[in-house]
Protein chains: 2
Amino acid sequence: MSFVLPQFLPYLLNQAAEAVSRDFQGYYRDRYGMLRTEWRVLFHLGCYGEMTAGRICGLASIHKTKVSRAVRALEVKRYLRRTTSAQDRRVETLSLTTSGHRVFRDLQAAAEQYERDITSVLSPGEVSSLRAMLVKLEKSAG
Amino acid sequence: MSFVLPQFLPYLLNQAAEAVSRDFQGYYRDRYGMLRTEWRVLFHLGCYGEMTAGRICGLASIHKTKVSRAVRALEVKRYLRRTTSAQDRRVETLSLTTSGHRVFRDLQAAAEQYERDITSVLSPGEVSSLRAMLVKLEKSAG
DNA sequence: GCCGGTCAGTTACATCCGCAACAATTAAAC
DNA sequence: GTTTAATTGTTGCGGATGTAACTGACCGGC
């Protein structure tokens with residue numbers, strides 16, 4: 001019984017995720033010079049509305065230094081603004097600017113199109129069971 | 001129709017792969033001080049037998065500089081040796097040392113156990129269809 | 001009040017990564 | 001046979017990342 005590397009689930013997961021992420025990254029890297037973490041922060045704000053950096057860390061399991069740098073990069077690009085809370089001055093609420101919303105809508109359309117492209121090799125039923133399995137695996141590993 | 005980030009397949013893939021990789025990394029990082037790319041190179045040699053660095057790049061879609069550095073790290077740890085080909089002196093064949101084989105067998109057992117652990121939340125049928133879908137997605141993205 | 005503990009977010013430093021340029025070797029063109 | 005192109009792998013350098021230490025701010029016991 002020898003070990004078959006290309007069937008090892010963590011390996012397969014990593015290969016698929018890497019290939020997809022690298023491929024999709026072209027959309028936002030070329031058009032807006034954004035990194036993956038910046039994309040993620042932008043989409044958290046675009047999808048969920050305003051929230052703190054810490055909340056993004058928790059939702060996406062991204063390290064706080066990564067988020068901190070992504071937030072600054074998006075701030076420099078004028079895609080988001082920070083608002084210090086009056087109740088607790090440690091907390092900064094992040095929200096998209098008009099420009100940020102515009103970029104988000106553009107990238108959202110690109111994301112939907114990209115998802116249609118790559119899932120075209122799967123049936124709708126497969127896609128939803130794949131989603132469910134990925135969620136289970138993530139919980140199982142965390 | 002708003003965009004649901006936690007259902008976006010590239011995002012889900014990345015979250016699951018990241019969680020699993022980070023979790024599993026504990027095994028080889030703590031015991032042998034190895035990085036992810038070093039683990040991958042070791043397993044390619046352990047599973048397929050001796051091969052060149054370029055071949056590992058092709059099989060695993062890893063950048064050649066990453067492989068080059070991982071090979072040196074494994075060489076310093078005395079887990080592999082390089083043999084310059086007599087026919088083409090550009091080519092170096094990589095092979096595991098006795099020590100490298102021992103480490104590989106240990107990590108192989110850990111990998112099998114880890115895969116059993118995380119896949120315990122899925123049925124055997126789900127696992128094989130998941131593998132097939134991940135392969136399709138990787139090809140679809142590349 | 002005041003001091004230790006905690007929490008949000010940033011910075012410092014060391015490491016890792018990717019692109020591009022490179023050296024060395026072989027193959028191809030002619 | 002010499003020049004040019006292609007290939008195997010390495011290195012320099014700027015940029016990205018993670019760990020740990022830090023700042024500033026709130027909260028608790030006393």
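Heavy-atom basis, side chains included; hydrogens, waters and symmetry copies ignored. Sequence lines set the chain letters: A, B, ... in the order given, protein chains first and strands last, and positions in each chain run from 1. Owing to the predicted nature of the structure, the values given are computational and were not obtained by experimental measurement.
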May I ask you to decide if B:Arg22's main-chain N or O and B:Gln25's side chain share a donor-acceptor pair within less than 3.5 Å?
-> no
Roughly, in whole Å, what's the span from CD1 in A:Ile56 to P in C:dA8?
-> 14 Å
Just how far, in rounded Å, is P of C:dA8 from CG of A:Leu59?
-> 14 Å
Are side-chain N/O atoms of A:Arg105 and A:Gln108 paired as donor and acceptor at under 3.5 Å?
-> no
For the pair made of CD in B:Glu92 and P in C:dA24, what is the distance, rounded to whole Å?
-> 14 Å
Is any side-chain N of the basic residue among B:Lys77 and B:Glu38 closer than 4.0 Å to the acidic one's carboxylate O?
-> yes
Please report, rounded to the nearest Å, how far the P atom of D:dT19 is from the CD1 atom of A:Ile62.
-> 14 Å
Is atom CZ of A:Arg55 surrounded by more than 12 heavy atoms (other residues, nucleotides or ligands) closer than 6.0 Å?
-> no
Whole-Å distance, B:Arg40 CZ to C:dC17 C1', equals 13 Å
Nearest to the side chain of A:Thr37 - C:dG18, D:dT17, C:dG9?
-> D:dT17
For the side chain of B:Thr119 and the backbone of B:Leu122, is there at least one donor-acceptor N/O pair under 3.5 Å apart?
-> no
Is there a donor and acceptor pair, one atom on the side chain of A:Arg69 and one on the base of D:dG18, closer than 3.5 Å?
-> yes
Separation of atom NE2 in B:His63 from atom P in C:dC16, rounded to whole Å = 17 Å
Rounded to whole Å, the CZ-P distance (A:Arg82 to C:dA8) equals 15 Å
Return the polar atom pairs (N/O with N/O) between nucleotides 25-27 of chain C and the protein under 3.5 Å, or none.
residue	atom	partner	partner atom	Å
C:dT25	OP1	B:Arg89	NH2	3.4
C:dT25	O2	B:Arg90	NH1	3.2
C:dT26	OP1	B:Arg89	N	3.1

Is the distance from OP1 or OP2 of D:dG18 to the nearest side-chain N or O of A:Thr65 less than 4.0 Å?
-> no
Residues A:Glu115 and A:Arg131 bridged, charged N to O under 4.0 Å | yes
To the nearest Å, give me how far apart CZ (B:Arg29) and C1' (D:dG18) are.
-> 11 Å
Answer with base, sugar-phosphate or nothing: what part of the nucleic acid does A:Lys64 contact at a heavy-atom distance below 4.0 Å?
-> base
So, do B:Phe24 and A:Phe8 have ring centers that fall under 6.0 Å from each other?
-> yes
